[in-house]
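Below you'll find the structure, written out as structure tokens, and then a few comments.
Each residue takes its place number in the sequence, starting with 1. Order of listing sets the numbers, starting from 1, for every ligand and every atom in it. The basis for the numbers below is simple: all heavy atoms, side chains too, and nothing from hydrogens, waters or symmetry mates.
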Amino acid sequence: MINKNLIFLLSILVLLLNQVHVNAVAQEYVPRNIDVERSPKNILVGSYVGGRSHLKPMLDVTTILIERGHNVILLTSGKYEPSSEYPGLKQITLGSKSLTAKNDRRINIHKEVDYRTMGKFMELATATYNVTYEKFKNAAKEDNIDLFICDALVNQACIDVANNLNKPLVGFTSFMQMMEPKPYKSDPMYGCNISLENESFFERFRCTLIQPLQIAYAYGPSIRKLNDIKGQMNINPVSEKEPKFSLSLVDTFFGFELPQSSAPNVQEIGPVLSEVYPPLTPELSDFINGHIRVLYVAFGTRFYTTIENNNKILQSLYEAINNKMVDGVVWALSETSKDDFSPTLNFIDGTQVQTLPILNNEHPHIHITKFAPQFAVLNHTNTKLFFSHGGAGSTHESLYTGTPMLVLPFGGDQMGNAQRLETAGIALSLNKNALDVKDILNKVNVLLNDEHVKKNSKRMKYLARINSNRKYRAADLIEYMLYSSGLNEYLDDDFLKEWIPAESRMGFIKANNLDVYGSLLIIIPALIGIAFNLIKHTSNSLFNRKKSKQA
Ligand SMILES: *[C@@H]1O[C@H](CO)[C@@H](O)[C@H](O)[C@H]1NC(C)=O
Ligand SMILES: *[C@@H]1O[C@H](CO)[C@@H](O)[C@H](O)[C@H]1NC(C)=O
Ligand SMILES: *[C@@H]1O[C@H](CO)[C@@H](O)[C@H](O)[C@H]1NC(C)=O
Ligand SMILES: *[C@@H]1O[C@H](CO)[C@@H](O)[C@H](O)[C@H]1NC(C)=O
């Protein structure tokens, strides 16, 4: 009691004293100098995979660097022409014989895309490694590159050139498990769930030991071949102790990504979104303004599915309107053509509906279009649900606009995204191999009416919005590499000392004090042994004494 009163009096005293202090000096303020000294630097952005949606987040970060006066060069495969979308960005192409060229075609969603596909990508990348390496090296020399930003996905040439020229290297991905893997997390890419938290012992055994071995087995030949090629080309192998990237930027955010700890030089900077987006076309604007509960459907720019599935999806949309779940549907067909539907939809009750009039926009409440300005559609308050493939870009846009999602994941990171969205409580997902109209309708109904989904969407919208500013932090950190830690004077001994946890230098056993705990395996049995012997000894002598007394 006395203590409490005393603390109370002291606090008042402290407050009063502070007041006096503030009053004495609070007359005038001068600005803090927030300028950073800058000179223009040359930055190379490299991606072997390429493709607009894959490159976009990286380019949105480099746009900030261009605005700050730096020169940015994009080196990637394919025909992507960023000049109109990203003015000031110079592009050099890796040539058309690479992965993207092969991948530019439409992709059937029924192909399994997991770590084995990555293995195929690695084989392709390995076959052209020598050519790609030279292109990166020449670009780096010609343009006097100061810093590399390398896409983390099958991009060994970019990484090796940066490390061999001793330049700071920033890695970029949306896949956290690639940059900072955790033993309690995994991904459907690797054949497991995103979280192992509630998995059985045997499932954790499979995901911790069996799957990694299978992956190593699948990647092994490519890695050995790559090392041979590097040997022939006299490329220094980068020591395993060094971190692969000086700085890893991960385009994701807590709330969406499951929480975890990470090293200081691994930074979550997502969701990276552009500052401006194309507006609704007058046609779309009329349609969406004329309906108050719109379902938007889009499965990415490259994917297509079977006629049977397209029919099921169209039938679900048609019935969702008939059942008054929604009053309007917008479907951006993209790679799906009007020939990818059968001429009639057959309903369970025997009725038939012609598809062609629907596809030709004769249905008053279904709007079919080749492409739609996706962000603007999601951004409209009348758009209530997004039926999507769950690609990273679409997911971020949907979270940002607070639109719940029905996800039909095809492969790659989409399966994991679907699980993350479900965990966040704002989405339900479908199985691409077992599409069912009834199932789709049930899920649409839940997503539109469940109070939890509404609450969670609001929460995620807020998180996505505050985190969407972190692309400026990404640019700041890249500049930090350019002006401080990445300078030659730091590269020799002090490089990244401030960022790299001791863990990586100590090794697994020491870092986790396993040797200390291990010593218990000797100490405890020894102590038990001694105690046991003592007891035996004393009881023996007691016994002997008793015996001698009795005798
Ligand atoms: C690159 O390597 C392939 C075989 O892996 C070879 O056929 C080709 O000639 C090499 N190209 C150059 C420019 O060295
Ligand atoms: C975890 O994986 C199993 C099968 O591997 C699947 O049935 C289950 O739905 C997954 N859990 C989540 C949360 O997706
Ligand atoms: C695992 O189960 C616990 C307890 O039911 C729950 O709180 C937690 O969210 C679950 N984790 C995941 C990843 O589903
Ligand atoms: C998004 O919506 C806001 C108002 O809700 C509007 O000011 C903004 O222009 C919209 N942006 C796009 C790209 O549609």
Side-chain angles (χ1 to χ4, degrees), residues 48 56 60 85 94-95 97-98 122-138 156-157 160-161 176-177 182-188 192-201 203-204 207 221-222 224-235 254-260 271 273-289 294 296 330 371-384 386 393-394 396-403 416-429 452 456 458 461-462 464-465 468:
Y48 183 68
K56 200 172 175 303
D60 283 325
E85 209 174 351
L94 275 174
K97 265 175 97 183
S98 65
M122 278 165 75
E123 272 169 40
L124 280 170
T126 305
T128 53
Y129 178 85
N130 52 359
V131 180
T132 314
Y133 187 91
E134 289 303 320
K135 284 217 164 126
F136 271 104
K137 200 169 109 189
N138 292 340
Q156 204 57 45
D160 288 342
V161 170
M176 183 53 109
Q177 194 65 1
K182 291 286 164 188
Y184 49 85
K185 289 170 86 173
S186 184
D187 196 272
C192 292
N193 284 357
I194 51 168
S195 170
L196 303 185
E197 184 181 352
N198 295 326
E199 302 291 328
S200 67
F201 172 82
E203 183 64 7
R204 282 187 294 120
C207 295
S222 283
R224 278 192 296 275
K225 200 169 157 212
L226 189 60
N227 284 339
D228 284 350
I229 295 173
K230 281 194 212 175
Q232 283 162 22
M233 293 172 73
N234 288 325
I235 294 165
F254 59 90
F256 174 55
E257 179 65 56
L258 298 181
Q260 69 170 69
L273 292 155
S274 301
E275 291 305 283
V276 289
Y277 284 93
L280 291 175
T281 57
E283 233 186 325
L284 259 179
S285 176
D286 284 348
F287 184 87
I288 298 180
N289 282 329
V294 175
Y296 171 56
V330 175
F371 293 104
Q374 177 158 302
F375 185 86
V377 173
L378 294 172
N379 185 43
H380 197 293
T381 46
N382 291 353
T383 305
K384 301 297 187 200
F386 183 16
S394 296
H396 289 170
E397 288 172 15
S398 207
L399 290 167
Y400 187 87
T401 55
T403 318
N417 289 343
Q419 284 192 7
R420 278 183 272 275
L421 289 165
E422 280 194 78
T423 307
I426 59 150
L428 292 172
S429 67
H452 292 288
N456 291 330
K458 220 166 112 186
K461 178 174 167 177
Y462 197 82
R465 283 185 188 233
S468 69

- Item | Ring geometry between Tyr277 and Phe375 (parallel below 30°, tilted from 30 to 60°, perpendicular above 60°) | parallel
- Query: Do ligand 3 and Ser195 have nitrogen or oxygen atoms that lie under 3.5 Å from each other?
  - Reply: no
- Message: Return the NZ to CG distance between Lys185 and Asn193, rounded to the nearest 0.5 Å.
- Response: 13.0 Å
- Query: Is the closest side-chain donor-acceptor distance between Ser274 and Asp60 under 3.5 Å?
  - Reply: yes
- Note on the structure: the protein heavy atom lying closest to atom 4 (C) of ligand 4 turns out to be Asn379 ND2, 4.8 Å
- Query: Of all the atoms in ligand 4, which lie at a distance below 4.0 Å from a heavy atom belonging to Ala376?
  - Reply: 14 (O)
- Item | Nearest-contact summary for atom 6 (C) of ligand 1 - protein heavy atom, Å | Asn130 ND2, 4.2 Å
- Counting only heavy atoms on the protein side, is anything nearer than 4.0 Å to atom 2 (O) of ligand 4? yes
- Which residue owns the protein heavy atom closest to atom 5 (O) of ligand 1, what's the atom, and how far is it? Ala127 O, 4.2 Å
- Query: Considering only protein heavy atoms, which is closest to atom 7 (O) of ligand 3, and at what distance to one decimal place?
  - Reply: Glu197 OE2, 4.9 Å
- Message: Among all the protein's heavy atoms, is there at least one whose distance to atom 9 (O) of ligand 1 comes out below 4.0 Å?
- Response: no
- Item | Protein heavy-atom partner closest to atom 12 (C) of ligand 3 - residue, atom, separation in Å | Asn198 ND2, 3.4 Å
- Item | Value rounded to 0.5 Å, distance of CD in Gln419 from CD1 in Ile194 | 5.0 Å
- Query: How about atom 14 (O) of ligand 4: does it have a protein heavy atom within less than 4.0 Å?
  - Reply: yes
- Query: Does a sphere of radius 6.0 Å around CD in Glu134 hold more than 12 heavy atoms from other residues, nucleotides or ligands, not counting ones at 6.0 Å or beyond?
  - Reply: yes
- Query: Relative to the heavy atoms of Phe375, which atoms of ligand 4 are at a distance of less than 4.0 Å?
  - Reply: 13 (C)
- Assess the side chains of Asp160 and Tyr129: does a donor N or O sit below 3.5 Å from an acceptor N or O? yes
- Message: Do Tyr296 and Lys384 make a side-chain contact, defined as non-hydrogen atoms from C-beta onward lying under 4.5 Å apart?
- Response: no
- Does the side chain of Leu399 reach to within under 4.5 Å of the side chain of Arg465, using non-hydrogen atoms? no
